[in-house]
Amino acid sequence: MATTPAPPAAPPKPTWDPQRPQVPFPWLRPTIRIRLTLLYGGMFLIAGILLLSIIYLLAAQAINTGNQPLFKIVGGDRISVSSEQCPAVDADSSVNVPLTDFNAAIANCIDDQRRAALDALLSRSLLALLGLAVIAFAFGYAMAGRVLAPLGRITRTARAVAGSDLSRRIELDGPDDELKELADTFDDMLERLQRAFTAQQRFVGNASHELRTPLAINRTLLEVHLSDPNAPAELQQLGKTLLATNERSEQLVEGLLLLARSDNQIVERKPVDLAEVASQAVDQVHAEADAKKVEIRGERAPAVVQGNGVLLERIALNLVQNAVRYNVQGPGGWVEVTTELQQGQAVLVVTNTGPVVPAYEIDNIFEPFRRLRTERTGSDKGVGLGLSIVRSVARAHGGHIAAQPREGGGLVMRVTLPV
């Protein structure tokens, strides 16, 4: 009886850690905490030594001032007392003064002189402390700027990356501390993001070609068969149905590719007038609006923004198309398209009549393949990507879109873009 071979043993686990090498003595690593501790501890020590030295010199000067003799014994035929600091014991005024009062006057003069010396010491010490505080704040500000300079470099790089420049790197040099570790981690993250972004661009380009080609071939074959006048009526009807399905698939592919491209920041920006973009969108939808008896109106003031003209035109076209398609049945419907500048921002507003939209369904209309009261693409009005593309393009330009139910039915769509 054949024996079943034993499964291969699992490979042994590595005994070494493939991560970054560990420092033999971690407490010797020049971390930011240790450097700041040494820096500010040294600053406090130096400031204390300076302050102590200044106070010592001022105290020595005050003691020297306080040791001046209060009176002098003047010789001659008669021994008399002369004093500049204590007029009460002067020879002219102390001849007939009792000895007790004379001693009390001397004690008062000593107290006054001591008080004057202490007041002078206090005022000069306060001035010295104030000057030392100004120097300490200035030195601390300069040293803090020097310590935090790597953070400013990281911030500038992150701001450049936010503008779609994924090729930027920090490449921070200096001691192996927390800031360098943060910068190296950020560089690794940027490297991975750049690879993912490049792979996404390559995939979108390949998918654009691979998906469009068979759909274009199918459309051509169907149009050729439909142009045959001898084809049976059943085949004519089937061909028209397949052609409509193929057209819907082409729209879906174009919408998905545009949505994938517009999710990224716009690198190449040019001046684009929203009024001109909106007018072009209105011209393209006029035929459909006339067929549905929907009036398109509105004043469009110049509003120039920096962006991609093709994508901005898609914003206006999708909004106007939705406003026409989801409108009231029969005459009486209208769409108002306006552009203007408000508080330094360009605003495109598309307002339309139509069915009443509940406020709780506003957020759902921006999701892909979602419509009012239906979640999947079961309508002949589009593929369910129009408003998703609008929101994505607006975000790529640094703006946003907001929807609000209109009283009486319909929506008010407001797109705000920075100029």
Side-chain angles (χ1 to χ4, degrees), residues 202-263 280-296 310-311 313-331 333 335 352-355 357 361 364-393 410-411:
R202 188 182 302 112
F203 170 77
V204 169
N206 295 335
S208 174
H209 175 73
E210 296 296 333
L211 293 176
R212 287 171 177 168
T213 300
L215 292 176
I217 295 174
N218 290 341
R219 183 179 70 252
T220 302
L221 293 175
L222 289 173
E223 290 176 349
V224 170
H225 283 288
L226 289 177
S227 62
D228 185 7
N230 298 324
E234 294 80 2
L235 291 180
Q236 291 280 348
Q237 183 62 35
L238 178 61
K240 292 180 180 179
T241 303
L242 293 176
L243 188 61
T245 304
N246 191 84
E247 183 180 359
R248 181 180 178 83
S249 299
E250 289 180 344
Q251 294 178 0
L252 178 59
V253 170
E254 291 292 337
L256 288 173
L257 294 176
L258 179 60
L259 184 61
R261 289 195 300 266
S262 61
D263 277 337
Q280 292 179 358
V282 170
D283 293 339
Q284 297 181 48
V285 184
H286 249 307
E288 185 177 357
D290 293 340
K292 292 181 174 292
K293 298 181 180 180
V294 175
E295 177 189 2
I296 301 181
V310 176
L311 295 180
E313 182 179 350
R314 181 55 66 97
I315 286 182
L317 182 60
N318 286 358
L319 290 179
V320 177
Q321 280 183 343
N322 282 353
V324 171
R325 293 173 181 177
Y326 297 94
N327 216 302
V328 296
Q329 299 294 332
V335 175
N352 68 288
T353 55
V357 181
E361 291 190 0
N364 295 333
I365 63 178
F366 293 102
E367 298 297 328
F369 307 112
R370 296 176 72 96
R371 298 187 185 87
L372 296 177
R373 302 179 181 87
T374 177
E375 294 188 357
R376 304 308 301 172
T377 56
S379 171
D380 59 351
K381 298 178 180 179
V383 295
L385 292 174
L387 293 182
S388 300
I389 293 174
V390 170
R391 182 177 62 177
S392 180
V393 173
L411 287 172

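Heavy-atom basis, side chains included; hydrogens, waters and symmetry copies ignored. Because the structure is a prediction, the values reported are computed rather than measured.
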Inset, instruction - Can you measure from CG (Asn318) to CD (Glu313) and round to the nearest 0.5 angstrom? - result: 10.5 Å

Legend entry - Flag side-chain contact, heavy atom, 4.5 Å: Asn352 against Val324: no

Legend entry - Straight-line distance of Lys292 NZ to Asn327 CG, nearest 0.5 Å: 9.0 Å

Inset, instruction - Please check if the side chain of Ser392 supplies one atom and the backbone of Ser388 the other of a donor-acceptor pair under 3.5 Å. - result: no

Legend entry - Check: Pro229 main-chain N/O paired with Gln236 side-chain donor or acceptor under 3.5 Å: no

Inset, instruction - To the nearest 0.5 Å, tell me how far Glu295 CD sits from Thr353 OG1. - result: 9.5 Å

Legend entry - Separation of Glu288 CD from Arg325 CZ (nearest 0.5 Å): 4.5 Å

Inset, instruction - Starting at CG of Asn218, measure out to CD of Glu247 and round the result to the nearest 0.5 Å. - result: 13.5 Å

Inset, instruction - Return yes if some donor-acceptor pair links the side-chain N/O of Asn246 with the main-chain N/O of Leu215 below 3.5 Å, else return no. - result: yes

Inset, instruction - Drop me the distance from Ile365's CD1 to Arg391's CZ, to the nearest 0.5 angstrom. - result: 10.0 Å

Inset, instruction - Apply side chain to side chain contact (heavy atoms under 4.5 Å, CB included) to the pair Arg314 and Val393, showing each step before the final yes or no. - result: CA-CA 9 Å; Arg314 181 55 66 97; Val393 173; 5.6 Å; no

Legend entry - Check: Leu235 and Leu226 side chains under 4.5 Å, non-hydrogen atoms: no

Legend entry - Pairwise side-chain contact, His286 with Asp283, heavy-atom cut-off 4.5 Å (strictly under): yes

